Amino acid sequence: MSEDKRRHFIEEAIEADLAAGRFDRVQTRFPPEPNGYLHIGHAKAFSIDFEMAAKYGGHCNLRFDDTNPTREETEYVDAIKEDIRWLGYDWDDRCFYASDYFEQLYRWAEQLVEAGRAYVCDLTPDEVREHRGTLTGPGRNSPYRDRPVAENLDLFRRMRAGEFPDGARTLRAKIDMAAPNLNMRDPVMYRILRAYHHRTRDEWCIYPTYDWAHGQSDSIERVTHSLCSLEFEDHRPLYEWFIRELGIFPSRQIEFARLNLTHTVMSKRRLRELVEGGYVAGWDDPRMPTLCGLRRRGYTPEAIRDFLKRVGVAKSDSVIDIALLEHCLREDLNRRATRVMAVLRPLKVVIENWPEDHIEELEAVNNPEDPAAGTRRVPFGRELYIEADDYREEPPPKYFRLAPGREVRLKHAYFIRCERAVRDEAGNVVELRCSYDPATRGGEAPAGRRVKGTLHWVSARHAVPFTVRLYDHLFVTPDPDEAPDGDWKTNLNPRSLERLEGCRAEAGLAQAAAGDRFQFLRHGYFCVDRDSRPGAPVFNRAVALRDTWAKVQAGRVG
RNA sequence: UGGGGCGUCGUCUAAUGGCAGGACCCAGGAUUUUGGAUCCUGGUGUGAAGGUUCGAAUCCUUCCGCCCCAGCCA
C-alpha cells in the first residue's frame, strides 16, 4: 500500500514534468550500440526504459545507436533483440536505428554551419587534443574556427562527397574552448571514416559522433525522457545546446547509476577480453553476466526482473551483492521447479535383505511447494546409488547421514541401516551393504522412531547417466580490481567450473529438453544445456540450494 | 588547483522537519520425509564539525571521502 506510493527520483521527475505541462505523455527509448552482447547491467537500463513508459501509459522505442561502423555488426542486432524479448519487453513496430537519421542529421549540421555555430576543422587528432586544454586549464581556439560560413559549407559538403582522406577534417560545434566542461570545448560532430556500415553500407564516408547523433535522434522520435547512466551527466549541457540551437523537440536527459555486481565484471571491454582470451567458453558461457549467459545458466526472466526491481533506481554508485541475484533465482525456482533425485558422485548401495529382482514403485511428490505439480512413481530395487558424500567412515559431530551402523531415511522410500562397507584393493569404499526396514515404506517413521537424515537416491538399474557442470563465481574476490598485481584477471576463480561425468538420475530426466529446469533434491537448481545429446543429458547448475551443513563444515575448516 | 555527481546497517534501498524502516547477508532458535522451504529472534547505520529549530538523515555553513570527464568511442 505505502509500497505503491514509493517513487524513485526518475518517477518523481516524470510526474513533475507531467504536472507542470512540460510533456503531456511519456516516451522513452533504449539505445544499445550493436557491438556486443547485452549483460544484466543493460537489463537494468532497458527495464527502467520500458517500465517507465509502461507505468505512465507511454511507449519505449528500441533504437540502435549505430554511429560507429568500425565495430558494429548485424549479428549483435539480432542477439540484442532476442535478449530484450526474453526478458519480456516489447517495442512493437518501433525498432529504429540512428543511421535511419543520417540524412536529417546531415541537414541539421548544414543548418548549424549556416548559423555560424559549426565549422570545419583541419586539426589532426593530436592537435585537437592539444588545443582542448586540460581539466584545470582552458583550451585554445582552433586556427580554423573563424572560417567564413561559405567556406565551411563548401568544405563540409566536400567532406560528405568524399574529397578528403579519413581523419583529415572534422565538423565541430563552435561553443567555447574555455568552458570548464570539456564537452563544450568545440566537440566534434562528424569524422571522415570510410568503413562499411551494417545498414547504410558505403553510402556515407562521414559519420556523426555520439553527442551529435544521440540527442537529435531522441528529438526526432519525440522522446520525452532520455534515461541514461551517470557518465553522461557531463554531456547533458551539450545535449541541450544542440537541441536549443536547432529549435527541435526538447527531449530531457536524466541519468541514473548503472548496475554493478560483486564477483564479476560488467564492462564490454572486459567481457570481450574474457571471451577472446579463452577464459570462458564464449559470450553465453554460463559464468558470464551476459543475458545469454544467464539464460544458459538457467536463470529465469522472472528472477532477473524481480532482482532488478529490488535493486532499485538511484544516483549513487553501487555494487550489488551477487547473492541477491542468486536469492531471486532460488525464490522463483523453489516455487516452480520440479524436484527430481539425481546423484552427482555415486556410491553403490546394496540392500542385502531386498529380494534380488524385486522392483517396487514408490510415489514421490513433484513439488512440495505446489500440490498441483502432482506426483510420480520412482522404482526402488536391491541396488541403488547414493551420494558418496552421504557416507562417512568416521562421521564428524552433527553428521546426520550414513555411517557404519547408522540408520537414515531414503526419501520417499525406506529407512536403511549401513551394515558394512566394501573396499577395493586401495582401501577406498566402493560399495555399502545395507538393510532396509519394511515397516518404513514411503519413508514413514513408525511411532516413536525418528531419523535425522534423509538422503536422495536412484535405482541403479533404472538410472540414466548424465554430465553436470557446477558453476561458481567467476572471480574469487567481490571486487576483481582488488588485485595485488593490478591485473583483475588474477582474481579469476580457478574453480568457477567443475565438470562431473557419470552422474546418475531418475530415468525421467532422459526426456528433458534444453532449457528445462529442475531442482535436484538437496543439491540445487539445474538447467538442461544445449550440449545435451539423446540419452546423454548435460546439466548446468544455475544455483546451489542454501546449504547450512556446508557452512558449518567450512567454518570448522577455516 | 577546473567542471559534474554521490555519501543512511557489511551490501542495496526507504524516510521529503516529527519513533531511522525493508530486502539481501550474517548469527542464533523453532519446524521439517530436501541440513531445502517456512517461521521467530538478533546484528555498533544517517561521512565529520558547527548552526537554525520544541524537534534535523532531511534546512544552512565549513570540512572530509568516493565516482565521472582531457576519443575523430558510446
Side-chain angles (χ1 to χ4, degrees), chain A residues 2-3 6 8 12 31-33 35 65 67-68 70-72 121 123-125 128-130 132-139 166-172 179-185 187-193 206-207 209-211 213-214 228-237 255 257 262 268 307 310-328 330-331 334-335 339 341 364-365 368-369 398-401 409-413 415 440 442-445 451-456 478 519-524 544-553:
Chain A
S2 60
E3 192 82 19
R6 258 154 68 158
H8 55 66
E12 285 175 353
E33 183 186 11
N35 72 340
D65 222 330
T67 57
N68 185 352
T70 61
R71 39 186 236 174
E72 293 153 5
C121 180
L123 257 24
T124 66
V128 168
R129 189 181 323 118
E130 189 205 321
R132 186 155 29 229
T134 66
L135 291 179
T136 52
D166 284 8
R169 295 184 218 260
T170 56
L171 184 75
R172 296 226 257 161
N181 180 344
L182 268 43
N183 293 119
M184 301 301 273
R185 320 242 261 228
V188 170
M189 296 167 63
Y190 277 98
R191 68 272 207 182
I192 302 174
L193 188 60
I206 58 172
Y207 288 94
T209 56
Y210 165 85
D211 284 310
H214 200 94
C228 63
S229 45
L230 252 26
E231 68 268 27
F232 293 103
E233 224 154 6
D234 284 346
H235 294 248
R236 193 171 65 229
E255 313 84 9
T262 61
K268 237 180 235 184
F307 168 74
R310 294 183 193 225
V311 157
V313 180
K315 289 195 73 157
S316 56
D317 293 311
S318 59
V319 184
I320 310 294
D321 193 336
I322 200 164
L324 179 60
L325 215 210
E326 295 168 345
H327 167 83
C328 292
R330 284 195 197 98
E331 194 171 82
N334 173 52
R335 218 172 44 232
R339 269 63 167 174
M341 294 196 286
V365 170
E369 305 293 321
K398 298 270 186 65
Y399 187 81
F400 305 148
R401 309 174 188 180
R409 168 189 294 115
L410 292 183
K411 180 89 176 171
H412 309 307
F415 286 13
T440 58
E444 220 78 55
V451 290
K452 280 288 253 181
T454 300
L455 312 186
H456 61 279
Q519 184 198 93
F520 288 0
L521 236 53
R522 302 209 298 141
H523 280 304
L545 248 22
R546 278 184 57 216
D547 188 347
T548 52
W549 170 243
K551 219 169 271 176
V552 167
Q553 286 202 302

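Since the structure is predicted, the reported quantities are computational estimates derived from the model, not experimental observations. In the text below, chain A, chain B and the rest are named by the order of the sequence lines, each starting its count at 1.
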Shorter than 3.5 Å, N or O on both sides, protein versus nucleotides 15-18 of chain B: list them out with atom names.
{"residue": "B:U16", "atom": "N3", "partner": "A:E12", "partner atom": "OE2", "Å": "3.4"}
{"residue": "B:U16", "atom": "O4", "partner": "A:E12", "partner atom": "OE2", "Å": "2.3"}

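Considering only heavy atoms from C-beta on, A:D547 stays 4.5 Å or farther from A:Q553 through its side chain. A:D317 is listed as a side-chain neighbour of A:L230, based on a closest heavy-atom distance under 4.5 Å. Residues A:T70 and A:L193 meet the side-chain proximity criterion, which asks for heavy atoms closer than 4.5 Å. In this structure, A:R339 and A:E369 have side chains that are in contact, with non-hydrogen atoms separated by less than 4.5 Å.
In this structure, A:D166 places its CG atom 20 Å from P of B:G71, rounding to the nearest Å. Distance, A:L135 CG to B:G4 C1': 11 Å, rounded to whole Å. Rounding to whole angstrom units, CE of residue A:M184 and C1' of B:A70 are separated by 16 Å. At whole-Å resolution of the value, CG in A:N183 and C1' in B:C68 are 11 Å apart. For A:E331 and B:A37, the CD to P distance is 10 Å, given to the nearest whole Å. Remark: C1' of B:A74 and CG of A:L230 are 15 Å apart, rounded to the nearest angstrom. Per the geometry, OH belonging to A:Y210 stands 17 Å off C1' belonging to B:C72, to the nearest Å. When rounded to the nearest whole Å, the span between CD of A:E326 and P of B:C25 equals 9 Å.
Annotation: B:C59 and B:C26 have their P atoms spaced 35 Å apart (nearest Å). Taking atom P on both B:A20 and B:C6, the two are 26 Å apart, rounded to the nearest angstrom. Between the P atoms of B:U38 and B:G7, the separation comes to 33 Å (whole Å). Atom P of B:C60 sits at a distance of 15 Å from the matching atom of B:A56, rounded to the whole Å. As rounded to the nearest Å, B:G42 and B:U58 have C1' atoms that lie 29 Å from one another. Nucleotides B:U62 and B:C19 have their P atoms positioned 29 Å apart, rounded to a whole Å. Between B:G43 and B:A23, the distance separating the two P atoms is 14 Å to the nearest Å.
Using a 4.0 Å heavy-atom distance criterion, A:H523 is classed as making no nucleic acid contact. Nucleic acid contact class of A:R172 (heavy atoms, under 4.0 Å, all strands): none. Using a 4.0 Å heavy-atom criterion, one finds that A:E255 contacts no nucleic acid atom at all. Contacts of A:T134 with the nucleic acid, taken as non-hydrogen atoms under 4.0 Å apart, include base atoms. Contact annotation for A:T124: base contact, defined as any heavy-atom pair under 4.0 Å involving a base atom. Heavy atoms of A:L521 sit under 4.0 angstrom from at least one base atom. Contacts of A:P368 with the nucleic acid, taken as non-hydrogen atoms under 4.0 Å apart, include base atoms. Heavy atoms of A:R401 sit under 4.0 angstrom from at least one base atom. Looking at heavy-atom distances under 4.0 Å, A:H456 makes no contact with the nucleic acid at all. As judged by a 4.0 angstrom heavy-atom cut-off over every strand, A:F415 is placed among residues making no nucleic acid contact. Here A:T454 lies in heavy-atom contact (under 4.0 Å) with sugar-phosphate atoms only. Using a 4.0 Å heavy-atom cutoff across all strands shown, A:A314 reaches sugar-phosphate atoms only and no base atom. Backbone-only engagement by A:R546 is indicated by non-hydrogen atom pairs under 4.0 Å involving sugar-phosphate atoms exclusively. A:Y207 comes within 4.0 angstrom of no nucleic acid atom, judged by non-hydrogen atoms across all strands.
Summarising the base pairing, B:U31 is matched to no nucleotide, lacking a Watson-Crick or G-U wobble pair whose two defining distances lie under 3.5 Å. Under the Watson-Crick or G-U wobble criterion, with both distances below 3.5 Å, B:A56 has no partner in any strand shown. Nucleotide B:C66 is matched to B:G5 when pairs are restricted to Watson-Crick or G-U wobble geometry with both distances under 3.5 angstrom. Across all strands shown, the partner of B:G42 is B:C26, judged by Watson-Crick or G-U wobble contacts whose two distances both fall under 3.5 Å. Nucleotide B:U16 has no partner under the Watson-Crick or G-U criteria, as no pair reaches both atom distances under 3.5 Å. Judged by Watson-Crick or G-U wobble contacts below 3.5 Å, the nucleotide B:U61 has B:A49 as its partner.
Taking every heavy atom of both residues into account, A:R330 and A:A544 meet most closely at NE-O, 2.7 Å. Between A:R71 and A:E33, the shortest heavy-atom distance links the atoms NH2-OE1, 2.9 Å.
In the set B:U34, B:A74, B:G5, the nucleotide with an atom closest to the side chain of A:R339 is B:U34. Here the side chain of A:H8 is nearest to one of B:C72, B:U13, B:A14, namely B:A14. Listed nucleotides: B:G36, B:C67, B:C24. Nearest to the side chain of A:D317: B:C67. Listed nucleotides B:G36, B:G5, B:C73 differ in distance to A:E33; the shortest reach to its side chain belongs to B:C73. Side chain of A:V319, nearest nucleotide from B:A74, B:C12, B:C25: B:C12. Here the side chain of A:K398 is nearest to one of B:C12, B:G35, B:A74, namely B:G35. Closest to the A:S316 side chain, of the nucleotides B:C24, B:G7, B:G36, is B:G7. The listed nucleotides are B:C72, B:U13, B:G36; the one nearest the side chain of A:T209 is B:C72. Of all nucleotides listed (B:A37, B:A14, B:A70), B:A37 comes nearest to the side chain of A:E369. Listed candidates were B:G36, B:C72, B:G5. Nearest to the side chain of A:L545 is B:G36.
Look at A:R191 and you'll find a side-chain N or O under 4.0 angstrom from OP1 or OP2 of B:A74. Residue A:R185 places none of its side-chain N or O atoms closer than 4.0 Å to OP1 or OP2 of B:G71. For A:K551 and B:C26, the shortest distance from a side-chain N or O to OP1 or OP2 is below 4.0 Å. Residue A:T548 places at least one side-chain N or O closer than 4.0 Å to OP1 or OP2 of B:G36.
For the pair A:P180 and A:K315, both in contact range of RNA chain B, the more 5′-proximal nearest nucleotide belongs to A:P180. Along RNA chain B, the nucleotide nearest to A:H327 and the one nearest to A:T170 differ in position, and the one closer to the 5' end is contacted by A:H327.
Aromatic ring centres of A:H235 and A:H214: separated by at least 6.0 Å.
Against the 90° criterion about 0, the sugar-base torsion of B:G71 places it in the syn range.
Judged by atom type and distance alone, A:R310 does not reach the base of B:U13 through any side-chain donor-acceptor pair under 3.5 Å. The base of B:G3 sits within donor-acceptor range of the side chain of A:D234, with an N or O pair under 3.5 Å. Side-chain atoms of A:R522 stay outside donor-acceptor range of the base of B:G35, with no qualifying N/O pair under 3.5 Å.
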